[in-house]
Amino acid sequence: MAESQAPVAAQHWALAWADVGLPGQGHELRDTLWDAYAQPQRRYHTQQHLSECLALWEALRPHAQHPGEVGLALWFHDAVYEVKASDNEARSADWARQALLAAGAEAAVAQRVHALVMATCHAAPTATADQALLVDIDLAILGADAARFAEYEQQVRDEYAWVPGFLYRRKRREVMRGFAQRMPLYQTAVVRARLEAQARVNLMRYMA
């Protein structure tokens with residue numbers, strides 16, 4: 001990935017890499033991750049999604065306890081994405097831990113990044129403030145403007161094009177109902193203030 005192709009992403013990578021005290025710049029790993037988000041089976045979990053997460057992260061970075069770790073976890077959180085698989089987060093988290101240890105990260109750092117990525121399973125309450133922040137960033141799309149939210153919904157449907165329409169609609173409504181029932185939806189005050197109201201509008205419109 002040349003710097004000119006994705007300057008914002010490249011800048012965030014460099015900052016996160018330096019924040020955790022890793023030697024060098026990790027460009028080869030960065031490029032491998034960036035390319036992973038361009039795999040053809042993806043429609044939503046793409047470079048667009050990663051870039052949107054990083055753009056929001058730029059504003060939220062001061063709220064993190066370990067900003068470098070959250071920044072790297074964002075890069076890894078959808079690094080492995082196979083639509084029919086149920087272990088994408090686990091494989092992404094394992095990749096993160098292995099890659100960071102190989103790059104010279106402290107074991108505690110690599111383990112925290114692993115836990116951050118696993119938090120994006122959205123299956124259990126977050127255990128740390130950084131995990132809550134990362135999960136909120138991952139779910140920020142729910143609070144996007146109406147046009148982007150509609151695009152997101154179509155992208156998700158395209159990823160699951162192999163699922164029959166009636167089954168997709170039922171399963172998708174279950175997922176969205178689960179988000180709508182969270183009180184609050186966003187765990188961190190800063191993201192809640194920015195996105196909760198619009199997310200409620202989007203979810204209500206979807207469920208109508």
Side-chain angles (χ1 to χ4, degrees), residues 1-22 24-39 42-81 88-89 92-93 95-97 99-100 103 105 109-110 112-122 126 128-145 147-149 151-152 155-156 159 186-188 190-195 198-199:
M1 178 180 71
E3 298 292 319
S4 60
Q5 291 178 296
V8 173
Q11 290 166 11
H12 282 292
W13 174 268
L15 188 58
W17 193 260
D19 275 349
V20 297
L22 290 171
Q25 297 176 312
H27 285 175
E28 183 176 354
L29 177 58
R30 180 200 66 187
D31 293 352
T32 299
L33 289 168
W34 183 252
D35 290 344
Y37 283 85
Q39 292 167 339
R42 299 170 184 251
R43 294 297 183 272
Y44 169 65
H45 297 85
T46 62
Q47 292 171 351
Q48 179 188 20
H49 171 57
L50 175 59
S51 296
E52 288 173 343
C53 287
L54 293 174
L56 179 57
W57 170 234
E58 186 169 8
L60 300 180
R61 190 174 180 278
H63 298 273
Q65 295 177 339
H66 302 282
E69 295 170 14
V70 177
L72 290 174
L74 282 171
W75 275 85
F76 277 101
H77 82 284
D78 286 322
V80 176
Y81 187 75
N88 290 319
E89 291 86 1
S92 297
W95 183 5
R97 181 168 55 194
L100 293 177
V109 170
R112 283 195 296 268
V113 173
H114 183 279
L116 282 163
V117 175
M118 287 301 295
T120 64
C121 291
H122 308 292
T126 54
T128 69
D130 279 351
Q131 289 179 21
L133 187 60
L134 179 69
V135 167
D136 280 357
I137 293 171
D138 188 32
L139 295 180
I141 188 64
L142 298 177
D145 63 65
R148 176 64 184 111
F149 184 80
E151 180 187 36
Y152 153 69
Q155 290 170 337
V156 174
E159 281 188 343
Y186 295 110
Q187 301 175 63
T188 59
V190 61
V191 178
R192 196 155 55 242
R194 293 170 66 106
L195 300 176
Q198 182 61 43

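Keep in mind that this is a model prediction, so the values were computed, not measured. Along the sequence shown, the residues carry numbers beginning at 1.
- Taking Tyr186 as the reference, nothing meets the ring pair (Phe, Tyr, Trp, His ring centres under 6.0 Å) condition, with sequence neighbours excluded.
- Considering all non-hydrogen atoms of both residues, Ala99 and Phe76 come closest at CB-CZ, 4.1 Å.
- Not counting sequence neighbours, Thr46 has no partner by the side-chain hydrogen bond (donor to acceptor under 3.5 Å, both in side chains) test.
- Residues forming a side-chain hydrogen bond (donor to acceptor under 3.5 Å, both in side chains) with Arg61 (at least two apart in sequence, or on another chain): Asp19.
- The minimum heavy-atom distance between Val117 and Ala73, with the atom names listed, is CG2-O, 3.9 Å.
- The aromatic rings of His77 and Tyr37 are tilted relative to each other, their planes meeting at an angle between 30° and 60°.
- Residues Leu22 and Leu100 are in side-chain contact: their nearest non-hydrogen atoms beyond the backbone lie under 4.5 Å apart.
- Looking at Arg42, its side chain does come within 3.5 Å of a backbone N or O of Ala36 through a donor-acceptor pair.
- Between the side chain of Glu89 and the main chain of Met118, no donor-acceptor pair closer than 3.5 Å is present.
- At least one side-chain heavy atom of Ser51 sits less than 4.5 Å from a side-chain heavy atom of Trp34.
- Residue Leu56 comes nearest to Ala140 through the heavy atom pair CD2-CB, 3.5 Å, listed as atom of the first residue, atom of the second, then distance.
- Under a 3.5 Å cut-off, the side chain of Gln198 and the backbone N or O of Asp145 do not form any donor-acceptor pair.
- Residues Asn88 and Asp78 have side chains not in contact (no heavy-atom distance under 4.5 Å, counting atoms from C-beta outward).
- Trp75 has its side chain out of reach of Val113: every pair of non-hydrogen atoms, C-beta onward, lies at least 4.5 Å apart.
- You'll find the side chain of Leu60 reaches within 4.5 Å of the side chain of Ile137, heavy atoms only.
- Counting heavy atoms from C-beta outward, Ser92 and Tyr81 have side chains that stay 4.5 Å or more apart.
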Before you tell me yes or no, could you show the steps for Val109 and Arg112 under side-chain contact (heavy atoms from CB on, under 4.5 Å), namely the whole-Å CA-CA distance, both residues' side-chain angles and the distance that decides it to 0.1 Å? CA-CA 5 Å; Val109 170; Arg112 283 195 296 268; 3.8 Å; yes

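- Scanning for side-chain hydrogen bond (donor to acceptor under 3.5 Å, both in side chains) contacts around Tyr44 gives His49, with sequence neighbours left out.
- Under the ring pair (Phe, Tyr, Trp, His ring centres under 6.0 Å) criterion, Trp17 pairs with Trp13, not counting sequence neighbours.
- Under a 3.5 Å cut-off, the side chain of Asp130 and the backbone N or O of Ala64 do not form any donor-acceptor pair.
- No side-chain heavy atom of Arg30 sits less than 4.5 Å from a side-chain heavy atom of Leu33.
- Between Thr120 and Asp138, the side chains place no donor N or O within less than 3.5 Å of an acceptor N or O (distance only, hydrogens not considered).
- The side-chain hydrogen bond (donor to acceptor under 3.5 Å, both in side chains) search around Gln187 returns Thr126, not counting sequence neighbours.
- Counting only N and O atoms by type, the side chains of Gln48 and Gln155 include a donor and acceptor under 3.5 Å apart.
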